[in-house]
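To keep things clear, I will list the structure first and then write my remarks on it.
Hydrogens, waters and symmetry mates are skipped; everything else that's a heavy atom, side chains included, is used.
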Amino acid sequence: MHDHLREIGMIARALDSISNIEFKALGLEKGKYLYVVRIFEHPGIIQERLAELIKVDRTTAARAIKKLEQEGWIERRSDLENQKIKRLYVTQKGETLYPLIIREHEYSTSVALSGLDEQESEELLRLLKKVRRNVETDWTEVKKGKHREY
């Protein structure tokens, strides 16, 4: 049995747990910090695209966005051309978080990659992106209702 995905899962869960603990005092546990970062990096993003970017279902994204909006971290604004489209932006309050979140991300990255030289680090990133693209294809199809044949 191959343990690649098990290892990736353990790494992801450990880092997510650390971030949730680090950001709990700010009210950004349960991955809410990730929404703030992605909205900051993609100002005006729509909810559906944000859910795809984070790889969560629309309902999960909607709940997190609603809480972040209520807490004043983000805001929705109507699209200038189509009032039905709501675009997401980080508020001034939310902008103050970005440097903190990035600092935590950079620290976690340095810990995770310690002992790897530059070439190993680049190769790992290249391979992980390839794995992600493979999984994204399946993820997209399953979300559309396709059942995988095992």
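One distance of note links CD of E120 with CG of L125; it measures 13.5 Å at 0.5 Å rounding. Atom NZ of K146 is separated from atom CD of E141 by 5.0 Å, given to the nearest 0.5 angstrom. Taken to the nearest 0.5 Å, the CD1 atom of I85 stands 5.5 Å off from the CZ atom of R87. Here the NZ-CG distance, from K32 to L34, works out to 13.0 Å after rounding to the nearest 0.5 Å. With rounding to the nearest 0.5 Å, the separation of NZ in K84 from CD in E81 is 15.0 Å.
Counting heavy atoms from C-beta on, the side chains of L28 and E22 never come closer than 4.5 Å. Side chains of I65 and Q47 form a contact here, defined as non-hydrogen atoms less than 4.5 Å apart. Side-chain contact check for E123 versus L127: some heavy-atom pair is nearer than 4.5 Å. Contact annotation: the side chain of R76 approaches that of E69 to within less than 4.5 Å [non-hydrogen atoms, C-beta and beyond]. A heavy-atom distance below 4.5 Å is not found between the side chains of L50 and V56.
Between the side chains of E104 and S108, at least one donor-acceptor pair of N or O atoms lies under 3.5 Å. Residues S19 and D16 bring no donor and acceptor atom of their side chains to less than 3.5 Å of each other.
Following chains of ILVMFWY side-chain contacts shorter than 4.5 Å, one cannot reach V37 starting from L15, and the two form parts of different hydrophobic clusters. At a threshold of 4.5 Å between side-chain heavy atoms, the hydrophobic network of Ile, Leu, Val, Met, Phe, Trp and Tyr places I18 and Y107 in two separate groups. Grouping the Ile, Leu, Val, Met, Phe, Trp and Tyr side chains by contacts below 4.5 angstrom, directly or via other members, places L26 apart from I21. A continuous path of hydrophobic side-chain contacts links F40 to I102 [ILVMFWY only; heavy atoms under 4.5 Å].
Remark: R77 is positioned above the aromatic ring of Y89, its terminal NZ or CZ atom under 6.0 angstrom from the ring centre and at most 45 degrees off the axis. Both tests pass for K93 against the ring of W73: distance under 6.0 Å to the centre and angle within 45° of the axis.
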Chi angles and distances behind the side-chain contact (heavy atoms from CB on, under 4.5 Å) call for R133, K130: CA-CA 5 Å; R133 284 190 299 271; K130 189 174 185 177; 3.9 Å; yes

Worked verdict on S17 versus N20 for side-chain hydrogen bond (donor to acceptor under 3.5 Å, both in side chains): CA-CA 5 Å; S17 178; N20 284 329; over 6 Å; no

Residues R148, D138; criterion salt bridge (Lys or Arg N to Asp or Glu O under 4.0 Å); working and verdict: CA-CA 8 Å; R148 302 187 299 172; D138 235 19; 2.8 Å; yes

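The two atoms that bring R38 and L53 nearest to each other are CD-CD2, 3.8 Å, heavy atoms only. Across all non-hydrogen atoms, the minimal contact from G27 to E71 is O-OE1, 3.7 Å. Smallest separation of non-hydrogen atoms from I45 and I39: CG2-CG1, 4.2 Å. Nearest heavy-atom pair across L88 and I46 is CD1-C, 4.4 Å. Considering every non-hydrogen atom in both E52 and K55, the closest pair reads O-NZ, 2.7 Å. Contact between Y98 and E41 at its shortest, heavy atoms only, is OH-OE2, 3.1 Å.
Aromatic ring pairs are classed by plane angle as parallel below 30°, tilted from 30° to 60° and perpendicular above 60°; the pair F23 and Y33 is tilted.
Heavy atoms from other residues, nucleotides or ligands lying under 6.0 Å from CD of Q119 number 12 at most.
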